[in-house]
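By convention in this document, chain letters (A, B, ...) are assigned in the order of the sequence lines, proteins followed by strands, and residues within each chain are numbered from 1. Treat the numbers as computed from the prediction; the structure is a model and nothing was measured.
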Amino acid sequence: MTENANKNFTGATRYVLDDELAKIVNISMALEMPLLLKGEPGTGKTMLAHAIADSLKMPLIVLNVKSSMKLVEALYQYDTLTRLNDSRFGDSSRDVSKIEDYIRMGKIGQAFTAAARTVLLIDEIDKADTDFQDDMLDVLDQMEFDIIEVDKTISATFRPVIIITSNAKKDLSDPFLGRCNFHHIAFPEPDMMRKIIRVHFPNIDSDLLDNAITAFYAVREFGDIEKRPATRELINWIRALKADPDFKPKQLAKGDLPYLGVLFKKSQDLQKAQSNIGRRRAY
Amino acid sequence: MFVDFFYKLKDVGIPVSPTSFLTLHKALGNGLVNSLEDFYTASRAILIKSERYFDLYDQVFAHSFQDADMPDPEGIELDEVARVMLEAWLQNPEGLAEMLGMDESALLKLTPEELIEYFKERLKEQTEAHHGGGKWIGTGGYSPVGHSGYHPGGMRVGGISRNRSAVKVAMDRRYKDYSLNGPLSSALMGEALKRLRNLVPFGPKDQVNVDETIYQTMKNGGEIEIVFDRSLKDRLKVILAIDNGGWSMDPYVPIVQTLFDYTRAQFKDLKTFFFHNTIYSTLWKDAARYRKPQPIDQFARFDPETRLVILGDASMAPYELMATDGSIHLEDRSGLPSIECLKFLARTFPHAAWLNPVSASMWGYTRTIAVIRDIFPMFELTIDGLEQAVTHLMQK
């Protein structure tokens, strides 16, 4: 076990951490198991990995999963095109007969070969198909993989801290879940939200803060909204409100909400929200 | 250690695996867990793999560590309407038994949840058979709930806790919204949408992907490697028929409509129709069921591959379904009993599903549900039910 493993994660400057989550992060690190985070988009799943890397002073490696991704791309890539090019023109320092020169590490490969313990964030795993997920967990379980082209095994020098996020677009497979610890980040309560906003805007006017948060939670209550605004939207919204010189916090209490487009990203949602607000103002 | 706890989790239907139980012990052995709070968090992170089960976990935890009432795996949360209704109901079980047309002893055997469901069903039948049944509620209804404070079967109440302990946290049941058991609510909209997105056709893999073929061939050192893609198929047509009569359906109509509206883009065509209780010779294009009738004979013209989704509680007085002139609307006199119209639709559209907001455990208590289930495959209007319905609709 490395020295880093004994450090405990307590939170970072830009991230407000609740006790429960801190415990889960520490347990997962101690058990050396990946931590799977689920939750509404915009509740800070990705931010958590950044915060861990920040506070434990470890480099962060982010693997953004795409739907068409193959596992091998995350591990390493054999750059056939460059090799073909080199063999025809021969003006590079690489040795064409040595395939190893043309192997480039993918994100998981980088985390394994790094000189120090890293935080590996595997973002939005649910986008990929189940085969990808299962195969990847095998690699993360064994902490090694083979490079077929050169018949070499890469094993992890330091076991990375692995954070996996999912938006739950698809259900993850049982064997996958079996190898992770799980936490669901619930949407923050207004109190928690106040703290989060204070962290992002240390000098915020409390009038604006109160009004914005009240308005925000009221807007979230609208029925039939597909993508409800989350923390990320609120932060951007406050940023927009602060940037507008003509804006007065009192407007919000009266039900005049500018820049709704920052909160609602889908046109149907935006229309519904606007008509909802219009109806409330009529009373 | 905690073996009982583990098995209790398993008994209530949470998929827990022995491996994760061993992992939990590893965590315990490593001295990572020093308090009940730690144990609550640790065992949840390690054992429970989906937020859907957090609520059940909270209940089991509260039961195991503070003798809170054990969750009934089939239990249904009392919704506010039912609770208010039952509380308003006065204190005379005999009267209630008589009104519901069942024996008092049989009444006492039902769990409170069953009772409420049964009662809702029956109330609906009654209001509609009697027209303007609002009175029915007023005239001497009596509650078994109010009688002794609790139903003899024992109404579940949240336990009292001493301080902000893990048990208290567990008893808060913060994750109730994520539980899969209850009927669909707007909190679950996103989840439900994801289920519905599976409603897409897929063709055979028979189209050559040129770019990928070139890449793979090069990777193969010039040896030809042909890569196939799935060919596109025409998108689905969907007919959605909604029962929007009667207050029991009110909470579900907007949710289901929004659900299908959002998925509209993935369908070639989505038509929405309305009916009251059951379908006679016409369906209505307008929600008021007045201006735009659509005779169901004309549905025969539609593509038989169209998916027919019916939303309704299928609960009504039996004659509405069986009798030739069963409709409660006087102007609706087609001469065909509704059951024949339903059979006609089922024949016209082999891919059909009936979504029912009434919980499946109550289906046996209403005769018309049983009859309609024989005609259309019926699914609960829950996330799980929706998933099954989508699977059923996609079958060849």
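- B/R44 has a carboxylate O that lies under 4.0 Å from a charged side-chain N of A/E20, or vice versa, which qualifies the two as a salt bridge.
- Atom OH of A/Y217 has more than 12 heavy atoms from other residues, nucleotides or ligands within 6.0 Å.
- The parts of B/I46 that come within reach of chain A are both its backbone and its side chain, each placing non-hydrogen atoms under 4.5 angstrom from that chain.
- Note: B/T23 leads B/T23, B/N30, B/V33, B/T19 in heavy-atom pairs under 4.5 Å with chain A.
- For B/T41, the parts sitting under 4.5 Å from any heavy atom of chain A are the backbone and the side chain alike.
- Aromatic ring pairs are classed by plane angle as parallel below 30°, tilted from 30° to 60° and perpendicular above 60°; the pair A/H184 and B/F54 is perpendicular.
- Atom CD of A/E189 sits in a sparse spot, with 12 or fewer heavy atoms from other residues, nucleotides or ligands closer than 6.0 Å.
- A distance of 9.0 Å separates CG in B/L28 from CD1 in A/I27, rounded to the nearest 0.5 Å.
- At distances below 3.5 Å, not a single donor-acceptor pair connects side-chain atoms of A/K38 with backbone N or O atoms of B/K49.
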